[in-house]
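Sharing a structure here in structure tokens format.
The structure presented is a predicted model; accordingly, all values stated were derived computationally and were not measured.
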Amino acid sequence: MGHSIYHQLVLVWKPIYLTLQSSAKLHILFQYFMLHICIVLPGNPLAGACDMNVHLPLQRELCPFDLAPVTSTAIQMVFGDTVAVALMAARNLSKEEYGANHPAGRIGKSLIFKVKDVMKKKDELPVCKEGDLIMDQLVELTSKGCGCLLVVDQGHRLIGTFTDGDLRRTLKASGEAIFKLTVGEMCNRKPRTIGPETMAVEATKKMESPPWPVQFLPVVNEDNTLIGIVTLHGLVSAGL
């Protein structure tokens with residue numbers, strides 16, 4: 001359990017009570033814990049009530065009136081971060097354990113979420129065949145919210161991708177001839193792809209990598225069978 005108010009931080013692991021204090025307002029809680037560890041600033045009377053205490057150096061607050069807890073809170077933050085890192089090293093904390101203790105934040109998600117956890121799949125995929133006419137697939141291109149078509153063969157293996165940007169460029173270059181062009185004729189046959197077991201944060205890096213950024217990555221398995229798509233919007237929505 002943790003609580004932070006009035007420039008104090010309280011951490012409780014029954015039956016141990018740890019507090020970072022710049023005042024003496026929590027001494028009444030000591031009766032409930034077997035071991036009291038207090039990290040205090042000089043002159044804090046709470047130190048005498050503890051089984052163990054650590055004094056942090058403080059000459060005066062940076063505040064011109066020596067009232068606002070500017071320096072004291074900075075010192076406590078540095079000390080707390082140092083202790084946390086030391087404990088992580090002492091316990092040989094793994095990334096998986098670290099992520100399990102930060103499940104809701106961006107840091108934890110970057111350590112836990114895989115591509116398969118954030119990808120679109122099955123009926124959400126904008127799929128077509130390479131022999132389909134471009135103009136016949138406009139609804140599929142625009143209705144799935146991916147900004148692309150995923151071109152597959154009869155075995156559902158990925159052949160390439162066709163984006164809304166490709167559509168604009170094809171229309172500009174071909175004019176009325178676009179009505180006779182197939183998706184397979186104009187698609188990108190060497191798209192960037194990613195596997196389902198890859199960490200989701202790596203998908204973001206791959207999208208932003210040279211030679212130019214992309215907004216999506218088809219998700220394929222070992223034999224190039226299409227199983228999903230991960231989009232930049234999906235990663236952002238997931239908190240990544």
Exercise. Among Leu235, Ile194, Val219, which one satisfies side chain to side chain contact (heavy atoms under 4.5 Å, CB included) with Met119?
Worked result: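 It is Val219; the other options fail the test.
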
Problem set entry | Close side-chain approach of Met207 to Val230, heavy-atom, < 4.5 Å | yes

Exercise. Should Thr204 and Val236 count as side-chain neighbours, where that means a heavy-atom distance under 4.5 Å?
Worked result: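 In short, these two side chains do not touch, never coming nearer than 4.5 Å.
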
Problem set entry | Residue pair Leu141 / Leu167, side-chain heavy-atom distance below 4.5 Å |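 Yes, their side chains come closer than 4.5 Å.
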
Problem set entry | Arg60 CZ: over 12 foreign heavy atoms closer than 6.0 Å |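 Enclosed.
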
Problem set entry | Lys120 to Gly145 - nearest heavy-atom pair and separation | NZ-O, 3.9 Å

Exercise. If you take all heavy atoms of Cys187 and Gly160, which pair is closest and at what distance?
Worked result: SG-CA, 4.4 Å

Seminar exercise, completed: Joining Ile, Leu, Val, Met, Phe, Trp and Tyr whenever any side-chain heavy atoms lie under 4.5 Å apart, the cluster holding Leu158 also takes in Leu125, Val127, Leu150, Val152, Phe216, Val220, Leu226, Ile229

Exercise. Is there a side-chain contact (heavy atoms from CB on, under 4.5 Å) between Arg168 and Asp164 once you walk through the steps?
Worked result: CA-CA 6 Å; Arg168 290 190 295 271; Asp164 48 11; 4.1 Å; yes

For this session: In sequence, state the C-alpha distance, the side-chain angles, and the governing distance for Thr198 and Lys116, and then conclude on side-chain contact (heavy atoms from CB on, under 4.5 Å).
Result: CA-CA 8 Å; Thr198 306; Lys116 65 182 181 181; over 6 Å; no

For this session: Spell out, yes or no, whether Leu138 and Val151 are grouped together once hydrophobic residues are joined by side-chain heavy atoms under 4.5 Å, including indirect joins.
Result: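 Yes, it is one cluster - the side chains of Leu138 and Val151 are joined through contacts under 4.5 Å.
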
For this session: Report the C-alpha separation of Ile134 and Phe162 in whole Å, then their side-chain angles, then the decisive distance to 0.1 Å, and conclude whether the side-chain contact (heavy atoms from CB on, under 4.5 Å) test is met.
Result: CA-CA 9 Å; Ile134 292 176; Phe162 183 82; 4.0 Å; yes

Problem set entry | Side-chain ion pair, Glu130 and Arg189, N-O less than 4.0 Å | yes

For this session: Using the side-chain contact (heavy atoms from CB on, under 4.5 Å) rule, take Leu87 and Leu93 through it: C-alpha gap first, then chi angles, then the decisive distance, then the call.
Result: CA-CA 8 Å; Leu87 287 173; Leu93 193 72; over 6 Å; no

Exercise. Salt-bridged, Glu124 to Lys144, with N to O below 4.0 Å?
Worked result: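 No, this pair does not count.
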
Exercise. Under a single-linkage definition using a 4.5 Å side-chain heavy-atom cutoff for Ile, Leu, Val, Met, Phe, Trp and Tyr, are Met186 and Val214 assigned to the same hydrophobic cluster?
Worked result: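 No.
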
For this session: Following the transitive rule for hydrophobic clusters with a side-chain heavy-atom cut-off under 4.5 Å over Ile, Leu, Val, Met, Phe, Trp and Tyr, establish whether Val183 and Met135 coincide in one cluster.
Result: yes

Problem set entry | Under 3.5 Å donor-acceptor, Ser174 side chain and Leu171 backbone | no

Exercise. Excluding sequence neighbours, so at least two apart, what forms salt bridge (Lys or Arg N to Asp or Glu O under 4.0 Å) with Lys129?
Worked result: none

Exercise. Yes or no on side chain to side chain donor-acceptor pair (under 3.5 Å) for Thr182 and Glu185, after CA distance, side-chain angles and deciding distance?
Worked result: CA-CA 5 Å; Thr182 64; Glu185 291 178 280; 3.1 Å; yes

Exercise. Where is the tightest heavy-atom contact between Val115 and Gly195, given as atom of each residue plus distance?
Worked result: CB-O, 3.6 Å

Seminar exercise, completed: Closest heavy-atom pair, Arg192 versus Pro218, reported as atoms and distance to 0.1 Å, is O-CD, 3.0 Å

Exercise. Is there a path from Val201 to Val118 through hydrophobic residues (I, L, V, M, F, W, Y) whose side chains come within less than 4.5 Å of each other?
Worked result: no

Exercise. Within a radius of less than 6.0 Å around CG of Asp223, do more than 12 heavy atoms belonging to other residues, nucleotides or ligands occur?
Worked result: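 Enclosed.
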
Exercise. Taking atom SG of Cys148 and atom CD of Gln215, what is their separation to the nearest 0.5 Å?
Worked result: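 One gets 10.5 Å once the value is rounded to the nearest 0.5 Å.
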
Exercise. More than 12 heavy atoms of other residues, nucleotides or ligands under 6.0 Å from NE2 of His233: is that the case?
Worked result: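 Check fails, neighbour count at 12 or below.
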
Exercise. Can you name the closest pair of heavy atoms from Leu149 and Gln137 and give their distance?
Worked result: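 Shortest heavy-atom contact: CD1-CB, 3.7 Å.
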
Problem set entry | Separation of Thr170 OG1 from Asp166 CG (nearest 0.5 Å) | 6.0 Å

For this session: For residues Phe113 and Met199, report the shortest heavy-atom separation together with the two atoms involved.
Result: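 Looks like O-CE, 3.4 Å.
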
Problem set entry | Partners meeting side-chain hydrogen bond (donor to acceptor under 3.5 Å, both in side chains) with Lys206 (sequence neighbours left out) |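 Here no residue qualifies.
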
Exercise. Rounded to the nearest 0.5 Å, how far apart are SG of Cys128 and CG of Leu133?
Worked result: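 That separation rounds to 10.5 Å.
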
Seminar exercise, completed: Value for OG1 (Thr71) from CD (Gln59), rounded to nearest 0.5 Å, stands at 10.0 Å

Problem set entry | Neighbour count >12 (heavy atoms, 6.0 Å) for atom CD, Glu197 | yes

Problem set entry | Distance-only donor-acceptor check, side chains Ser72 and Glu61, under 3.5 Å | yes

